[in-house]
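Let me begin by presenting the structure, written as structure tokens, before commenting on it.
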Amino acid sequence: MKFSINRVELTKRLNLVSRAISSKTTIPILTGLKLKANSSELVLTGSNADISIENKILSEDNNNMLTVVEPGSVVLPARFFTGIVKKLPEDLVTIEVNEDNLQTVIKSGAASFTINGLNAEDYPHLPEIDTNNAIELKGDIFKEMISQTVIAVSNQESRPILTGVHFVLNNAELMAVATDSHRLSQRKIKLPEIDEGKSYDLIIPGSSLSELSKMISENNETVKMSVSENQVLFIVGQNSFYSRLLEGNYPDTSRLIPDTSTTTIEFDNVELLGAIERASILSHESRNNVVKLTINPADEIVKISGNSPDVGNVEEKLDPKKIDGNELEISFNPDYMKDAVRAFGKSIIKISFTSSLRPFTLLPTEDSENFIELITPVRTF
């Protein structure tokens, strides 16, 4: 194998594929990065068995300066190879592999490195997934859907199913929901261009979605999603992102969301977030990490307070946009609340309570059917 390529472009692509490579893998060859060249493209692959990322560099794209002299493939140690390419002196880099012993020579300007490669045939094959049945998603909306739901996945391996986000496609609507049993986040998006008969039900690890999100740019990029029995494939531009699926039945979360409330309150999101952040400065010093919200609709008084027996206390009067219902005192984990409030961006949010011990919901005042968050309060007495 022999090819030359623009060093900056290669570095960018190596950084992207390296996200899937872990030094802690039990399969030694997966600490390497696979390169496969043919006359029209160079394909880079990285994997840690849970996720795999494949990136195609096309020779027809002049920015790449890719010229393949001799096709072939090799697996190179990812950490060393990426580190070498970053430090090379010239814009053009030439890589040549000796087919007999897989020794790989990397040249740029006056610099020349030789590193030992491994046989690409020994690299695990990526799963074959039928992409003819793919659904198309708008990149910016799907990226937002991920960020709004992964905040609620569990990091406790005792219930592995809750470390994922549950996706359900039904009647041309995609719903994503995640819960760690203390909080829940659910987002829906309409997909009018999709056949109403098409349905999916899958659980994708939250860690996979966080990595995928980094690959989706904010411009009008399309994400194609295809599903097989135990894998999901996302195609984003020249990148293919594979993730294993979690096996098992996700709990029925629809019954957790209350459909009535006794107290409702509306806030400017940015103002509320600032107040919670201030209240949590002291609560973080306390063992239980709790802040309290006191609501008195009759006098239109809303206060947030936090205290640490060792440090002191904080109390702040809030300015709600709207308030209705019964008096209430409720305590909650401020970190859960901050995550939830941040997910709404700049908007007015409506918080609905049923009692001081029952989960409460947060919704945007606009488009309220498509996004809801739920937080379980903390019993403080």
With hydrophobic residues grouped by side-chain heavy-atom distances under 4.5 Å, do [X] and [Y] end up in a single group?
X    : Y    : answer
I146 : V153 : yes
I349 : L184 : no
I161 : M175 : yes
M145 : L137 : yes
L212 : L202 : yes

Between [Y] and [X], is the closest basic N to carboxylate O distance under 4.0 Å?
X    : Y    : value
D335 : K338 : yes
E144 : K138 : no
K346 : D268 : no
K36  : E41  : no

Please check if the number of heavy atoms outside [X] that lie under 6.0 Å from its [atom1] is greater than 12.
X    : atom1 : value
N249 : CG    : no
E300 : CD    : no
D91  : CG    : no
E128 : CD    : no
E99  : CD    : yes

Minimal non-hydrogen separation, [X] against [Y], with atom names:
X    : Y    : value
G46  : A20  : O-CB, 3.5 Å
N6   : E9   : OD1-N, 2.8 Å
L191 : E136 : CD2-O, 4.4 Å
A178 : V165 : CB-CG2, 4.1 Å
L126 : Y242 : CD1-CE1, 3.6 Å
G237 : I235 : O-CG2, 3.9 Å

Under 3.5 Å donor-acceptor, [X] side chain and [Y] backbone:
X    : Y    : value
D299 : I301 : no
D252 : S254 : yes
T25  : N48  : no
S283 : S280 : yes
N171 : E173 : no
S59  : S40  : yes
S154 : L162 : no
N333 : V290 : no
D180 : R183 : yes
N269 : V341 : yes

Heavy atoms, side chains only, cut-off 4.5 Å: are [X] and [Y] in contact?
X    : Y    : answer
L233 : M225 : no
S347 : T365 : no
L44  : E54  : no
R19  : M215 : yes
D259 : I257 : no
Q231 : R244 : yes
L14  : T11  : no
L245 : E247 : no

Evaluation steps, side chain to side chain contact (heavy atoms under 4.5 Å, CB included), between V93 and I95: CA-CA 7 Å; V93 50; I95 295 168; 4.1 Å; yes
Rounded to the nearest 0.5 Å, how far does [atom2] of [Y] lie from [atom1] of [X]?
X    : Y    : atom1 : atom2 : result
D195 : I135 : CG    : CD1   : 11.5 Å
F360 : T263 : CZ    : OG1   : 12.5 Å
I53  : F234 : CD1   : CZ    : 12.5 Å
I115 : L102 : CD1   : CG    : 11.5 Å
F3   : N38  : CZ    : CG    : 11.5 Å
S226 : I129 : OG    : CD1   : 7.0 Å

Side-chain donor-acceptor contacts of residues 310-332 below 3.5 Å, not counting sequence neighbours, with atom names and distances?
unit_1, atom_1, unit_2, atom_2, d
E316, OE1, R278, NE, 2.9
E316, OE2, R278, NH2, 2.8

Candidate pair S243 and S208, rule side chain to side chain donor-acceptor pair (under 3.5 Å), full reasoning: CA-CA 6 Å; S243 170; S208 299; 2.9 Å; yes
Between K292 and N307, a side-chain donor and acceptor under 3.5 Å: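 On atom types as modelled, these side chains do not qualify, holding no pair under 3.5 Å.
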Distance-only side-chain donor-acceptor flag, S52 / S47, under 3.5 Å: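 Yes, S47 and S52 have a side-chain donor paired with an acceptor closer than 3.5 Å.
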Test log, rule side chain to side chain contact (heavy atoms under 4.5 Å, CB included), inputs K198 and L169: CA-CA 7 Å; K198 189 174 280 192; L169 174 66; 4.1 Å; yes
Chi angles and distances behind the side chain to side chain donor-acceptor pair (under 3.5 Å) call for N296, K303: CA-CA 9 Å; N296 182 342; K303 289 188 297 189; over 6 Å; no
Distance-only criterion, 3.5 Å: show the donor-acceptor pairs between side-chain atoms of residues 72-88 and protein atoms not counting sequence neighbours.
unit_1, atom_1, unit_2, atom_2, d
T82, OG1, A78, O, 2.8

Working for side chain to side chain contact (heavy atoms under 4.5 Å, CB included), residues R187 and I141: CA-CA 11 Å; R187 173 73 197 270; I141 294 174; 4.2 Å; yes
CA sep, side-chain torsions, deciding dist, call: I151, Y336, side chain to side chain contact (heavy atoms under 4.5 Å, CB included): CA-CA 9 Å; I151 55 171; Y336 292 169; over 6 Å; no
Geometric class of the F371/F344 ring pair [parallel <30°, tilted 30-60°, perpendicular >60°]: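 F344 vs F371 ring planes: tilted.
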Verdict with supporting geometry, K350 and E366, salt bridge (charged side-chain N to carboxylate O under 4.0 Å, His left out): CA-CA 10 Å; K350 178 181 177 181; E366 295 177 11; over 6 Å; no
